[in-house]
Amino acid sequence: MKTFVTHIIFTLGAATFGLAQPTAADADWQVLQAISTEQPPGGDSMLVDQRMRWSDANAARYGDRALDFFRKHSGDPRRWEALMHMLERPRMFFSESQSAALPSSATDIERLRALTATIDREAMQNWRKKLDALTAAMEQAADVPIDVQERYDAHRISRGSYRANPTHSELADMLLKINTHVERFPSSRQASLLAARHLSRVERIAPELVTDTLQKMASSPHADVRQMAEGKLRAARLREEPLELAFIALDGRKVDLADLRGKVVLVDFWATWCAPCKAEIPNVKAAYDKYHGHGFEVIAVSLDRKTDRKKLEDYVRDHQLPWPQHFVLDEKGRNVLAEKLGITSIPAPYLFDQAGRLVATDARGPKLEAEVKRLLGL
């Protein structure tokens with residue numbers, strides 16, 4: 001009996017041992033995963049060029065390890081996920097110098113221009129040739145996971161949509177490609193981003209097509225695309241009818257937009273994780289301080305996650321933001337007003353006149369003060 005029990009324990013232990021032991025591919029994959037989840041050491045305090053240099057260095061380390069994974073584990077389907085990571089987070093090949101010499105007062109645009117000038121174009125082209133060869137192999141491979149197929153299809157659509165001045169027919173063709181993507185991947189996590197980018201392009205290039213594009217998107221079988229389009233259509237109607245909004249702000253005060261009729265109101269969609277949003281806050285605060293006494297109000301709508309509530313509260317306190325913060329989330333943790341209006345990118349400053357009608361969605365920088373002064377008649 002003792003011998004039988006010992007045999008069972010040995011057999012189970014051997015089986016468990018076999019299951020528990022990671023393969024060499026597993027170990028290499030863990031290294032890739034660790035690199036992909038690294039965060040910049042300076043966080044939000046890093047200058048834009050410093051952050052991009054860090055991202056490029058991170059992409060370089062990931063790329064070297066990923067190519068090694070391809071060589072050592074040519075039959076592992078995870079190699080295609082590694083390729084997608086490299087395609088979605090491309091290396092830029094910034095060289096040292098130039099941007100480092102910029103004064104501390106340099107703007108983000110100045111820093112980005114200086115940084116772009118340091119790109120090693122030849123190295124970038126050589127790297128892209130390597131990725132193109134791997135991409136061609138992936139297109140012929142039979143072991144590409146479905147989620148990677150989805151991501152690659154979305155990447156292919158995005159990469160082919162950046163012609164500077166597309167015609168109306170080309171814009172229509174792009175919408176068809178997005179629809180085909182949705183048909184192929186009904187639960188696509190990329191579809192809403194594809195639709196939002198396409199809509200942004202239509203708004204910039206052919207605004208006369210926006211309503212028709214939204215109406216077509218509103219009939220999409222993809223729930224997120226449909227919800228975004230329906231929200232954008234609701235937002236468009238705000239130019240004719242007032243926004244109804246009543247809520248309890250983050251600090252507990254009661255806010256009702258109806259009580260602010262007769263005033264100019266900026267409803268500012270933002271988040272503490274959004275660098276451009278935070279860069280705009282001093283401008284909003286300056287306009288508020290200057291024109292609040294004349295009838296200018298601000299309501300912030302935070303797209304921060306539920307888990308970031310304290311970070312939001314600390315930011316509002318530390319930066320002494322006097323206006324109310326709308327932080328009302330749905331069951332999925334998304335801001336209910338942003339979802340209702342189809343807000344897909346921030347900052348999104350919605351400026352309303354004294355009658356509560358939407359008059360501008362791009363009142364940032366100098367335009368904010370100019371629009372506020374115009375509406376106040378100053």
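Predicted model, so just to flag it, every value in this text is computed and none were measured.
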Ignoring hydrogens and angles, write down the donor-acceptor pairs under 3.5 Å from the side chains of residues 282-289, residues two or more places apart or on other chains.
residue	atom	partner	partner atom	Å
N283	ND2	E280	OE2	2.7
N283	ND2	G365	O	2.9
K285	NZ	H319	O	2.8
K285	NZ	Q320	O	3.3

Taking all heavy atoms of [X] and all of [Y], pick out the closest pair and write down the distance.
X	Y	value
A363	L351	CB-CD2, 4.3 Å
A66	A82	CB-CB, 4.2 Å
P347	C274	CD-SG, 3.9 Å
F247	V328	CB-CG2, 4.2 Å
M228	A195	CE-CB, 3.7 Å
H292	F296	ND1-O, 3.0 Å

Would you call [X] and [Y] a side-chain contact if the rule is heavy atoms closer than 4.5 Å?
X	Y	answer
T213	L171	no
L83	F70	yes
L194	S158	yes
E203	T361	no
M84	Y152	yes
D268	I281	no
R78	D26	yes
K177	H181	no

Atom [atom1] of [X] and atom [atom2] of [Y]: how far apart are they, to the nearest 0.5 Å?
X	Y	atom1	atom2	answer
H155	L87	NE2	CG	4.5 Å
L341	N335	CG	CG	9.5 Å
L250	R317	CG	CZ	11.5 Å
R334	I343	CZ	CD1	13.5 Å
S220	Q227	OG	CD	12.0 Å
D147	Q149	CG	CD	8.5 Å

Assess whether a salt bridge exists between [X] and [Y], defined as any Lys/Arg side-chain N lying under 4.0 Å from an Asp/Glu carboxylate O.
X	Y	answer
R253	D251	yes
K332	E339	no
D308	R305	yes

Can you list everything that forms a side chain to side chain contact (heavy atoms under 4.5 Å, CB included) with [X]? Sequence neighbours excluded, please.
X	result
A141	W80, D143, V144
Q50	M46, L47
H85	S36, Y62, R89
V316	L312, L321, Q325

Can you list every salt bridge (Lys or Arg N to Asp or Glu O under 4.0 Å) pair that touches residues 348-357, not counting sequence neighbours?
-> D353-R357
So which pairs with a foot in residues 120-135 pass salt bridge (Lys or Arg N to Asp or Glu O under 4.0 Å), sequence neighbours left out?
-> none
What residue pairs, at least two apart or across chains, pass ring pair (Phe, Tyr, Trp, His ring centres under 6.0 Å) with a residue in residues 344-373?
-> F269-Y350
For residues 232-246, run the donor-acceptor check on the side chains, cut-off 3.5 Å, and write out each pair with its distance to 0.1 Å, sequence neighbours left out.
residue	atom	partner	partner atom	Å
K232	NZ	G342	O	3.3
R234	NE	K340	O	2.9
R234	NH2	K340	O	2.8
R239	NH1	V359	O	3.4

Using a distance-only test with no angle check, is there a side-chain donor-acceptor pair under 3.5 angstrom linking S55 and N58?
-> no
Only pairs at least two apart or in different chains count here, so list each side-chain hydrogen bond (donor to acceptor under 3.5 Å, both in side chains) that has a residue in residues 364-378.
->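 Sorted result for residues 364-378: K290-E369, Y291-E369, D362-K367, E371-R374.
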How far apart are the C-alpha atoms of R53 and D49, what are their side-chain angles, what is the distance that settles it, and do they pass the salt bridge (Lys or Arg N to Asp or Glu O under 4.0 Å) test?
-> CA-CA 6 Å; R53 281 190 180 279; D49 52 341; 5.8 Å; no
Apply the test side-chain contact (heavy atoms from CB on, under 4.5 Å) to residues E297 and V264: give CA-CA distance (whole Å), side-chain angles for both, the deciding distance (0.1 Å), then the verdict.
-> CA-CA 6 Å; E297 299 284 352; V264 174; over 6 Å; no
Stepwise side-chain contact (heavy atoms from CB on, under 4.5 Å) check, M92 with M124 | CA-CA 7 Å; M92 298 302 295; M124 179 185 285; 4.1 Å; yes
Without swapping roles, check the side chain of S74 against the backbone of R71 for a donor-acceptor pair under 3.5 Å.
-> no
Check: V182 main-chain N/O paired with S188 side-chain donor or acceptor under 3.5 Å | no
Quick one: do R79 and L134 satisfy side-chain contact (heavy atoms from CB on, under 4.5 Å)? Show the steps, please.
-> CA-CA 10 Å; R79 69 193 187 282; L134 293 175; over 6 Å; no
R184 and D153: salt bridge (Lys or Arg N to Asp or Glu O under 4.0 Å), yes or no, with the steps?
-> CA-CA 10 Å; R184 184 179 175 190; D153 193 59; 3.6 Å; yes
Apply side-chain contact (heavy atoms from CB on, under 4.5 Å) to L32 and E81, showing your working.
-> CA-CA 11 Å; L32 278 173; E81 183 176 339; over 6 Å; no
Enclosure of R226 CZ (heavy-atom neighbours >12, cutoff 6.0 Å) |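 Yes - once you tally the heavy atoms of other residues, nucleotides and ligands closer than 6.0 Å, there are more than 12.
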Do other residues, nucleotides or ligands put more than 12 heavy atoms under 6.0 Å from R65 CZ?
->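 No, the 6.0 Å shell around CZ holds no more than 12 heavy atoms from other groups.
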I'd like to know if [Y] and [X] are part of one continuous hydrophobic network [Ile/Leu/Val/Met/Phe/Trp/Tyr, side-chain heavy atoms within less than 4.5 Å].
X	Y	value
V255	V265	yes
I178	L199	no
W127	F94	yes
M86	I119	yes
M217	L209	yes

Which ILVMFWY residues are connected to I109, directly or by a chain of links, through side-chain heavy atoms under 4.5 Å apart?
-> none
Taking salt bridge (Lys or Arg N to Asp or Glu O under 4.0 Å) as the test, write out the residues that go with K72, two or more places apart.
->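 Per chain and number, K72 pairs via salt bridge (Lys or Arg N to Asp or Glu O under 4.0 Å) with D28, D68.
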